[in-house]
Structure formats: C-alpha cells, structure tokens
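Working notes, structure below.
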Amino acid sequence: MTIAEAREKCKATISKIPRDILIITVLVLASSSSFGLGYLAGFDAGLSEQAGQGSGAVLNSPSLATTTPGGEIVASKSGTKYYLSSCASASRISEANKIWFTSAEAAAAAGYTPAANCKGI
C-alpha cells in the first residue's frame with residue numbers, strides 16, 4: 001500500500017464518521033492530554049520543591065525517604081553512603097542531617113551506596 005492509498009483510505013474512513021462526533025472526539029482527546037500534561041508538570045514541580053528543601057538526594061518517589069525516624073536505613077543528606085540504624089557510623093550523623101529509608105533498595109534508588117564499615121547491609 002502506498003502513502004497515497006493509505007491517505008485515501010483514512011479519508012474514506014473519517015468521512016463515514018459524523019462531523020459532530022469527530023469534533024467532540026478531538027476536543028475530548030485534546031483536553032485529556034492537556035490535563036495529563038498539566039498534572040505531570042505539577043507532579044514534577046512538587047518533586048523539585050521537595051528536593052530543593054535540602055534533601056541532597058534525587059528521589060524517584062516521594063515515599064522513598066523521610067526526615068523523621070522510623071526506617072531501618074539512615075543516610076546523611078549531604079553524604080553518599082547509607083547505614084543500618086544500629087551502626088556506629090549512623091550515630092555520628094547529626095539528627096538534622098539524617099534521612100531515613102524503609103529499605104536498602106529505597107536508599108539505593110535514591111542514589112546512595114552501602115557503607116563498607118557497616119556490617120549486615
């Protein structure tokens with residue numbers, strides 16, 4: 001099938017659809033895509049605001065990390081390593097600088113690597 005034949009086939013198919021329905025369909029698709037793009041832009045803006053508050057880590061999901069204690073894994077906002085909360089090195093991180101993760105996978109997803117001096121990671 002050539003391009004010209006495909007074009008004629010599309011024209012024939014579209015001509016079978018009533019003009020009102022075609023216009024409504026185009027409007028619905030355009031508004032839906034506009035809404036989706038706006039939602040994504042707002043979501044990205046929320047993530048950049050969260051990262052701009054000094055987290056120091058690139059968060060792939062807002063639920064990966066928290067600054068309140070409660071996870072098993074802890075890291076420094078300005079560091080690159082993560083520790084078990086029971087490691088001695090973790091106790092040397094100031095409370096204001098601590099960022100908590102629910103798992104080692106979450107810390108790795110945020111860009112941290114395991115600390116070599118913390119056994120059990």
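This chain uses plain numbering: 1 for the first residue, then up along the sequence. The structure displayed is predicted, hence computed values, not measured ones.
Here disulfide (SG to SG under 2.5 Å) pairs that include residues 82-121, with residues two or more places apart or in two chains, are C87-C118. Screening residues 19-33 for side chain to side chain donor-acceptor pair (under 3.5 Å), with sequence neighbours left out, gives no hits.
Closest approach of A90 to S85, counting heavy atoms only: CB-O, 4.2 Å. A pairwise comparison of heavy atoms in Y82 and P114 identifies CE2-N, 3.3 Å as the closest pair. Nearest approach of S15 to A12, heavy atoms of both residues: OG-O, 2.7 Å.
N97 has its side chain within reach of S78: a pair of non-hydrogen atoms, C-beta onward, lies under 4.5 Å apart. Side chains of I73 and Y112 form no contact here, defined as non-hydrogen atoms less than 4.5 Å apart. When side chains are defined from C-beta on, K9 counts as touching M1, because their heavy atoms get closer than 4.5 Å.
More than 12 heavy-atom neighbours from other residues, nucleotides or ligands sit within 6.0 angstrom of CG on L29.
Expressed to the nearest 0.5 Å, how far CD1 of I93 lies from CD of E95 amounts to 9.5 Å. Summarising the geometry, atom OG1 belonging to T102 is positioned 8.0 Å from atom CD belonging to E72; distances are rounded to the nearest 0.5 Å. A distance of 7.0 Å separates NZ of K77 from CD1 of I99, quoted to the nearest 0.5 Å. If you take OH on Y83 and CZ on R92, they are separated by 7.5 Å, rounding to the nearest 0.5 Å.
By the criterion of side-chain heavy atoms lying less than 4.5 angstrom apart, applied directly or through intervening Ile, Leu, Val, Met, Phe, Trp or Tyr residues, I14 is grouped together with I21 in one hydrophobic cluster.
With E5 contributing its side chain and T2 its backbone, the two residues share a donor-acceptor pair below 3.5 Å.
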